[in-house]
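Scroll down for the structure; my scribbles are underneath it.
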Amino acid sequence: MILHDKISEQLPAWRERIRALSKEHGDVVVDKVTVGQIVGGMRDIKSLLTDVSFVDPAEGIRFRGMSIPEVLKALPKAKGGKMPYVGGLYYLLMIGEVPTVEQALAVEAEWEARAEIPDYVYKMLKDMPKDTHPMILFNLAVMSLERISTFAQKYQEGMKKDVYWEAALEDSLNLTAKLPVIAAFIYRYKYFGEKRKPSYNPKLDYGSNFARMMKVSDKKGYADLSRLYFLLHSDHESGNVSAHATHLVGSSLSDVYFAFSAGLSGLAGPLHGLANQECLGWLLNVHNRFNGVPSRDDLYKFAWETLESGKVIPGYGHAVLRVPDPRFTAQMDFAKKRFPDDDLVRLADMVFDVVPTVLKEQGKAKNPAPNVDAISGTLQHYYGVREFDFYTVLFGVGRALGVTANYVWARALGMPIERPKSMTTKMLEDIVEKSKTA
Ligand code: HAX
């Protein structure tokens, strides 16, 4: 299998680099830690290792060293579309090289062969109470698939450490193949009462299949949006909640189903993946209040009302980024090329003009610019996917691509169980006192 063979080729050199860093240079100091960082969510402490992606505060995400515009340009485009094959992105994340069309299609073929979902998963989803949040349904489906984990089974059989990654890759391909099918089923079942299993068409790629299974009206446009959406949401280095939760749980040698389930639980938080549903809600509130796109002045006042009521403006701000998120820009470009006159796109564009000024005037947010969530719901809304609480599920399908690539490499490089050290409040106070007399 193509990903297996390529990782095998690269592995000896990577293992040697990690060995040298750890054994020969293990004492070299990388960063210092302040009291503020310990109290403040470990912000900016350089303490995680990944080569899959890197977020530059002044530039945004780079996947394997490539910016989003570079990735969109370089990856092979899906047949009949303008966006890259998702299989090509997975190849890039896993292998660190731009694939040929054949290599991208080889990953797509792996997914197609693994997309079947056991019947009990559908039954379990249908047995859940109707008001269950779609993220719970999605997460339950992931957990329920754990019984097919190759990693768990081989671990029980005494698998050797140097081949953990092979089982991790097998599980990751199975999981990522099944996620769009599960997501589409949840969408059609929860909102339209459809009980039939979605079917994966072997002639179509991941993006087209998803659009088809979702049954949106403009399937061609939605297939391209899905490819873009999954690409943009795949990875954002290792420190964000969903990526870090997956990595942390995986470090205990839980298999990828357990690990990704933890990541999904983190993604469900309103300060992380749930922000996209809140963001579209905020835009629609503006739209309803003013019966359409408001004047700049009205929007300015509305944004201040939100802040004064003690709420955040969803879709704005970021823990690391200090510029407009290039994932926002890529989606805005997509919308402006295809449906520039859509009311919500015009509104999102005006918000981009007005909200940074308001946040700067308030003076709290370190980054007053938009993040990925400021526009993603608007695009879904255009294609008729208007069930807000489903949006985080879409994010989850994309995020699986990045976190599983990280999971496979973490096992391949023998990353140990994570165990940072904690301190008590008194200990920190003592350190502060001591620093005054030093
Ligand atoms: N609106 C109002 N206030 C904001 C703000 C916003 N959009 N963004 C930051 N602030 C405030 C913070 O609440 C914080 O206030 P307090 O000091 O009173 O606690 C202050 O500005 C400093 O925050 P920060 O250091 O700039 O930002 P953080 O690293 O603490 O938080 C967040 C980053 C993304 C969580 C934050 O900007 C936020 O809440 N944004 C709105 C929600 C959102 O868009 N989340 C999605 C983020 C992208 C993502 O992960 N998607 O999955």
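Note that the structure is predicted; figures quoted are calculated from it, not measured. For ligands, and for the atoms within them, numbers begin at 1 and follow the listed sequence.
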Checklist entry - Hey, looking at atom 4 (C) of ligand 1, which of A365, A374, P368, P356 has the closest heavy atom? => result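 Among A365, A374, P368, P356, the closest heavy atom to atom 4 (C) of ligand 1 belongs to A365.
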Within a distance under 4.0 Å of any heavy atom of [X], pick out the atoms of ligand 1 and give their elements.
X: G315; value: 43 (C), 44 (O)
X: N371; value: 43 (C), 44 (O), 46 (C), 47 (C), 48 (C)
X: I313; value: 1 (N), 2 (C), 6 (C), 7 (N), 41 (C)
X: G273; value: 52 (O)
X: A319; value: 29 (O), 33 (C)

Where does [X] meet ligand 1, judged by heavy-atom distances below 4.0 Å: at the side chain, the backbone, both, or neither?
X: R43; answer: side chain
X: L307; answer: side chain
X: N240; answer: neither
X: D373; answer: side chain
X: L271; answer: both

Next on the checklist: Working note: D349 + R346, criterion salt bridge (charged side-chain N to carboxylate O under 4.0 Å, His left out); need CA distance, chi angles, decisive distance, verdict.
Outcome noted: CA-CA 5 Å; D349 203 25; R346 287 172 47 228; over 6 Å; no
Taking the six-membered ring of [Y], is NZ or CZ of [X] closer than 6.0 Å to its centre and within 45° of its axis?
X: R399; Y: F395; answer: no
X: R212; Y: F210; answer: no
X: R17; Y: W14; answer: yes

Tell me whether [X] at atom [atom1] has more than 12 heavy atoms from other residues, nucleotides or ligands lying less than 6.0 Å away.
X: R322; atom1: CZ; answer: yes
X: R386; atom1: CZ; answer: yes
X: E194; atom1: CD; answer: yes
X: K77; atom1: NZ; answer: yes

Next on the checklist: Working note: E433 + K436, criterion salt bridge (charged side-chain N to carboxylate O under 4.0 Å, His left out); need CA distance, chi angles, decisive distance, verdict.
Outcome noted: CA-CA 5 Å; E433 278 314 308; K436 288 181 189 162; 3.0 Å; yes
To the nearest 0.1 Å, how far is [atom] from its closest protein heavy atom, and which atom is that?
atom: atom 41 (C) of ligand 1; answer: Y316 O, 3.4 Å
atom: atom 50 (O) of ligand 1; answer: H272 ND1, 3.0 Å
atom: atom 34 (C) of ligand 1; answer: G317 O, 3.8 Å
atom: atom 13 (O) of ligand 1; answer: V312 CG1, 4.0 Å
atom: atom 27 (O) of ligand 1; answer: H318 O, 4.4 Å
atom: atom 17 (O) of ligand 1; answer: K364 CE, 4.1 Å
atom: atom 26 (O) of ligand 1; answer: K366 N, 2.7 Å

Is [atom] less than 4.0 angstrom from some protein heavy atom?
atom: atom 47 (C) of ligand 1; result: yes
atom: atom 32 (C) of ligand 1; result: no
atom: atom 19 (O) of ligand 1; result: no

Item to check | N or O contact, A275 vs ligand 1, cut-off under 3.5 Å | outcome: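 No; the residue has no nitrogen or oxygen that sits under 3.5 Å from a nitrogen or oxygen of the ligand.
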Checklist entry - Does an N or O from K311, backbone or side chain, lie closer than 3.5 Å to an N or O of ligand 1? => result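 Not met; the criterion fails.
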Checklist entry - Any side-chain donor-acceptor pair under 3.5 Å between S295 and D297? => result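 No, D297 and S295 have no side-chain donor paired with an acceptor closer than 3.5 Å.
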Next on the checklist: Would you say Y191 and D389 are linked by a side-chain donor-acceptor pair, where the criterion is simply a distance under 3.5 Å?
Outcome noted: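 Yes, because at least one side-chain N or O of D389 sits under 3.5 Å from a partner of the opposite role on Y191.
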Checklist entry - Salt bridge between E97 and R64, side-chain N to carboxylate O under 4.0 Å? => result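 Between R64 and E97 there is no salt bridge, as every charged N stays at least 4.0 Å from the carboxylate O atoms.
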Checklist entry - Should E387 and K190 be marked as a salt bridge (charged side-chain N to carboxylate O under 4.0 Å, His left out) after you check the CA-CA gap, both sets of side-chain angles, and the distance that decides it? => result CA-CA 10 Å; E387 297 74 12; K190 182 168 173 67; over 6 Å; no
Checklist entry - Given the rule in the side-chain hydrogen bond (donor to acceptor under 3.5 Å, both in side chains) test, do E361 and Y300 qualify, once you have shown the distances and angles that lead to the verdict? => result CA-CA 11 Å; E361 283 172 12; Y300 175 90; 2.5 Å; yes
